[in-house]
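Below you'll find the structure, written out as structure tokens, and then a few comments.
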Amino acid sequence: MLDINIIREDKDGVIKELSRRGGDFSKDIEKIYFLDKSWRELLKKSDALKAERNSVSTEIGKLKREKKSADEKIAAMQIISEKIKELDAGIREVRTELKSALLLVPNLIEKDTPYENTVLREEGEVKDLGFPAKTHWEIGEDLGILDFEAAVSLSGSRFALLKGLGCNLERGLANFMLDTHTSKHGYTEIMPPILVREDVMVGTGQLPKFRDDMYALDDGSMFLIPTSEVPLCNLVREKITDASELPLKFTALTSCFRRESGSYGRDTKGLIRNHQFNKVELVNIASPEESEEMHEKLLEESEEILKLLGLTYRVLLLGSSDTGFSAAKTYDLEVWMPGEKLWREVSSCSNCLDFQARRMDARTRGKDSSTVYLHTLNSSGLAVGRIFAAVLENYQRADGSVAIPEVLQAYMGDKKEIKKNTR
RNA sequence: GGAGAGGUACCCAAGUGGUUGAAGGGGGCGGUUUGCUAAACCGCUAGCAGGUGUUAAGCCUGGCCCGGGUUCAAAUCCCGGCCUCUCCGCCA
């Protein structure tokens, strides 16, 4: 949520900044500006009347105690109270409208971000495997560790079913990531609920705007998380976090659920775009002063996993047109897929500044002990299913078997490879 | 799922619709005393949000879980929601 004050002070500037996202927000901002103005006008009137009512009511109390008549004052206050009631009804209405309008406005993009995505650097090399490379779904099905047909029969398209060593690989990857983050990067592991309340989804920005992308319970009371960023960030909601506890670094492995409503026909095969997938997430809760530096560190921490797995990847700075709703600045990590012959996003590393914190009412105390909103950052560390796919495609061999990356071997009973019909 | 009880400040807790502008403890902080510690005594300890001021002082409004309502006036009465606890039932 944007600070209403910057809209009050410079609404045209805000409209201009938001247009960098590639949409026109002028109507929304003008509406917010207008609603805020009328809200303040109504509030001023109501507050003045309440001040009067408060003082006269104490007088009435005094008169009553002295057994004197207060009828005249009571009659006068009846009229004032009626007026207050009307004003307050209007105030509530305007306030509600203002709030819901504000919740639909995305974050401002960091200054100097270009419109289009920029490749910052490439790590590792895109090399030829020396034989016709297969896609991960071909490899996985041939090895008997992926069974999409079975998944379809259970749940329909965009679901995966892992079997045998496939499960071990998925678990191994996740454990390797978690262990690295907890022991090397100082993260606290969390196992959060993956079913959360509406308010929590509003807090991190998934709602109200992206309801169509979320799975909800039948009665609408709860939502399946699309990422554990949701519960992890919301751990600091509605409280003032002591500055001595900062920065907070949380990691979690959870299943994530996405309806993928707008992506018919895209990436219909394999593990890339499924309704349910596993992801190790990294969330940092920082003071405003340290968030920029932490963002760079967070990127490194995510990259570390790719490096240790020996995967070729590149780092993108997302352009203003591609940066997500809540983020001010985002780096993407894309891994090379020799089978698909393209780069696949496996991590998105964002600094949301105080955007989510305002929605969550998550604060800390600044140096002068006044309250300030926290900064929230999140990064995938990493998307397990997509890394599963990347490992298959990058470590495949001409005979159809797949070598197990060295760092994973300890997580897979010291096996060195996945062959057909091995358990 | 059924039946109850309850949500008041950092914690415990009182609270008859109008000096509650929230009692009283505990804890914390400061002080007196003291060689030091303890004890005792004294003092402070509602934070926060919003509006309005020149990002001042000040003033005003709202805050007793949240949201409505009744009333001249609500922590107190009524309705709804959320949460916690107890008992019963069911259950990995």
Side-chain angles (χ1 to χ4, degrees), chain A residues 1-10 13 32-103 191-203 207-208 216-223 231 234-245 255 288 354 357-374:
Chain A
M1 197 163 63
L2 298 184
D3 183 354
I4 186 69
N5 285 306
I6 65 170
I7 298 175
R8 274 179 201 165
E9 281 158 25
D10 182 19
I32 287 166
Y33 184 81
F34 171 76
L35 286 170
D36 175 59
K37 213 168 137 188
S38 30
W39 172 70
R40 279 186 291 164
E41 277 163 18
L42 289 169
L43 192 68
K44 220 192 298 188
K45 286 182 195 165
S46 171
D47 276 2
L49 290 178
K50 279 175 185 168
E52 187 182 348
R53 182 182 68 184
N54 284 346
S55 68
V56 176
S57 283
T58 6
E59 286 173 33
I60 292 171
K62 212 174 286 174
L63 290 173
K64 289 264 185 190
R65 254 176 279 118
E66 292 164 6
K67 309 276 186 218
K68 290 180 187 159
S69 164
D71 295 353
E72 208 173 296
K73 287 184 194 293
I74 287 175
M77 284 309 101
Q78 266 166 350
I79 294 164
I80 288 202
S81 263
E82 198 51 46
K83 217 158 184 182
I84 290 173
K85 202 179 286 179
E86 282 167 30
L87 282 169
D88 281 357
I91 288 169
R92 266 201 300 279
E93 203 178 304
V94 172
R95 185 74 186 168
T96 307
E97 228 181 306
L98 175 62
K99 188 84 194 280
S100 44
L102 216 41
L103 285 174
M191 283 196 192
I194 58 179
L195 212 47
V196 299
R197 298 173 193 291
E198 183 169 12
D199 282 357
V200 170
M201 294 284 267
V202 171
L207 294 180
L217 293 196
D218 197 37
D219 62 3
S221 62
M222 298 196 105
F223 295 81
N234 275 281
L235 286 174
V236 293
R237 71 180 284 117
E238 285 165 29
K239 63 179 178 183
I240 298 174
T241 302
D242 201 291
S244 65
E245 292 175 41
S255 293
D354 63 2
R358 283 180 189 282
R359 291 171 160 252
M360 299 188 293
D361 190 25
R363 292 170 294 165
T364 185
R365 290 196 187 276
K367 289 184 193 77
D368 57 351
S369 85
S370 62
T371 57
V372 287
Y373 286 103
L374 288 162

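Throughout, a chain's letter reflects where its sequence line sits, starting with A, and its residues are numbered from 1.
- Rounded to a whole Å, the NZ atom of A/Lys239 is 14 Å from the P atom of B/C10.
- Under the 3.5 Å distance criterion, the side-chain polar atoms of A/Arg365 are left unmatched by any main-chain donor or acceptor of A/Ala243.
- Across B/C72, B/U61, B/C48, the shortest atom-to-atom separation from the side chain of A/Lys64 is found for B/C72.
- Remark: C1' of B/A73 and CG of A/Leu63 are 13 Å apart, rounded to the nearest angstrom.
- Shown here, B/G15 is classed anti by the O4'-C1'-N9-C4 or O4'-C1'-N1-C2 angle, which is more than 90° from 0.
- Distance A/Asp361 CG to B/A49 P: 9 Å, rounded to the nearest Å.
- Of the residues in residues 193-201 of chain A, those with a non-hydrogen atom less than 4.0 angstrom from any atom of RNA chain B are A/Arg197.
- For A/Leu43, taking side-chain heavy atoms from C-beta onward, the closest of the listed nucleotides B/U70, B/G50, B/A73 is B/G50.
- Residue A/Met77 contributes atom CE, which lies 18 Å from atom P of B/U70 at whole-angstrom precision.
- Atom CG in A/Asp3 sits about 13 Å away from atom C1' in B/U55, given to the nearest Å.
- Going from atom CD1 of A/Ile240 over to atom P of B/G47 covers 11 Å, rounded to whole Å.
- Listed by residue number, A/Arg92 are the residues of residues 86-103 of chain A with a heavy-atom contact under 4.0 Å to RNA chain B.
- Taking atom CG of A/Asn54 as the reference point, atom P of B/G51 lies 19 Å away to the nearest angstrom.
- When the C1' atom of B/A73 is taken as reference, atom CG of A/Asp71 falls 15 Å away, rounded to whole Å.
- Across all strands, A/Lys85 comes closer than 4.0 Å only to sugar-phosphate atoms, never to a base (heavy-atom distances).
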